There are 2 protein chains.
Amino acid sequence: MTPASGVHAHHHHAETPGAGRRWKRHAQQTVRDAGLRAGGGRAAVIEVLSGEECVLTAQEVLDRVTRKGGPGGNLATVYRALDTLHALRLVTRLDAGDGTARYERAMPGGEHHHHVLFPGGEIRPFHDDDLEAAIHALAERLGVELTGHDIVLHAARPTTD
Amino acid sequence: MTPASGVHAHHHHAETPGAGRRWKRHAQQTVRDAGLRAGGGRAAVIEVLSGEECVLTAQEVLDRVTRKGGPGGNLATVYRALDTLHALRLVTRLDAGDGTARYERAMPGGEHHHHVLFPGGEIRPFHDDDLEAAIHALAERLGVELTGHDIVLHAARPTTD
DNA sequence: TTGTCTGCAAATTCTTTGCAACGTT
DNA sequence: AACGTTGCAAAGAATTTGCAGACAA
């Protein structure tokens, strides 16, 4: 049962201004360095992602690409672009548990955030240094070399806001 | 809750003996209490899950059910059973990021574990009280009423062990 | 030119559903 | 008898892939 429940991301989170532009440049550079070419489809996906702080599904990326006109107006192209960007660690994939992957830009330097899922599909990003510290301490305790970590909280609703 | 005791996590697989049997009884009881009947398919799924401490895909559950002979030898039945058990909060769903859902029994009382993913697909469960404490502190800081949380670590490989 | 990118359609994979027969209560 | 349960086949949804033509370097 997946009646296309909408998932809305909240911008609760003041993000560094220019982060999108910075990521866009970084992404273009990285793609070029990988020996790949500057086609319109992938460029459009990069453009869209640079303008979004939090997760989008492939379909949502396509919608936004389409809205802007131009090339990239194809789901296969979007998926291919997302795959490439993910392989280059330029985007992060989030599984919200509804069988649809969501993607968001990954800032260079490991700067990242996690997600709180609310009933109804709302997704809210958050970042917390104490949590990051706890994760790293944990990894050491477990004796594993961490390459990444995903944390998804499920909440009934904000107790305050 | 979850006093940050100095309990050392890092159990590879040290689970309380009898946990499987306990869960099985609990599951059967809960299903009965929900007004559902005791068919062979769901019973087989419960049987399989009770014998596994960590995640299985629907297909893996089916394989094990089939191996034991008897009813339940059908993927649709397995999915339906897993759905029901999940709705009753008797199983947990894990998205390892490969587009296939994995399920494991959920012990009553909130007792649970998280997962470390290694390259190659190996999944190792762990539990850590300090981490749990950190999560609860975090939720309070965020001002949300937590109903659950998923933590997935990605590791290159054990640094020691 | 050479090798990459795109779009379109077809194919895959995972999961859900319709329906008739069957089992439990 | 009433109603949940199961199996099989078909349907769906998300994601991937084969190909031929368009493009970038």
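Quick note on labels: first sequence line is chain A, next is B, and so on, each numbered from 1. The shown structure was predicted, so the numbers you read here are calculated from the model rather than taken from an experiment.
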Inter-end axis angle, the helix from dT1(C)-dA25(D) to dT25(C)-dA1(D), with every axis fitted to five base pairs (rounded, 10 degrees): 30°

Side-chain H-bond candidate by donor/acceptor type, H115(B) with D150(B), under 3.5 Å: no

For R25(B), all residues meeting side-chain contact (heavy atoms from CB on, under 4.5 Å), sequence neighbours excluded: R22(B)

For R80(A), all residues meeting salt bridge (charged side-chain N to carboxylate O under 4.0 Å, His left out), sequence neighbours excluded: none

Partner set under side chain to side chain donor-acceptor pair (under 3.5 Å) for D128(A), not counting sequence neighbours: R141(B)

Nucleic acid contacts of residues 31-39 of chain A, taken as heavy-atom distances under 4.0 Å to DNA chain C: L36(A), R37(A), G39(A)

If you look only at distance, which donor and acceptor atoms sit under 3.5 Å apart when one is on a side chain in residues 26-44 of chain A and the other is two or more places apart or in another chain?
residue : atom : partner : partner atom : Å
T30(A)  : OG1  : H26(A)  : O            : 2.7
R42(A)  : NH2  : R37(A)  : O            : 2.8

Protein-to-nucleotide contact annotation, 5' to 3' order, nucleotides 8-15 of chain C [B base; S sugar-phosphate only; - none; under 4.0 Å, heavy atom]: B-----SB

Those residues that, when tested against E104(A), pass salt bridge (charged side-chain N to carboxylate O under 4.0 Å, His left out) (two or more places apart): none

Side chain to side chain donor-acceptor pair (under 3.5 Å) involving D63(A) - partner list, sequence neighbours excluded: Q59(A)

Interatomic distance, Q28(B) CD vs dT24(C) C1' [rounded to whole Å]: 15 Å

Set of salt bridge (charged side-chain N to carboxylate O under 4.0 Å, His left out) partners for D98(B), sequence neighbours left out: R102(B)

Residues that A155(A) engages under side-chain contact (heavy atoms from CB on, under 4.5 Å), provided they are two or more places apart: V116(A), F118(A), V144(B)

Check: residues 131-138 of chain A side-chain donor-acceptor pairs under 3.5 Å, at least two apart:
residue : atom : partner : partner atom : Å
E132(A) : OE1  : H112(A) : NE2          : 3.2
E132(A) : OE1  : H149(A) : NE2          : 2.9
E132(A) : OE2  : H112(A) : NE2          : 3.2
E132(A) : OE2  : H114(A) : NE2          : 2.9
H136(A) : ND1  : E132(A) : O            : 2.9

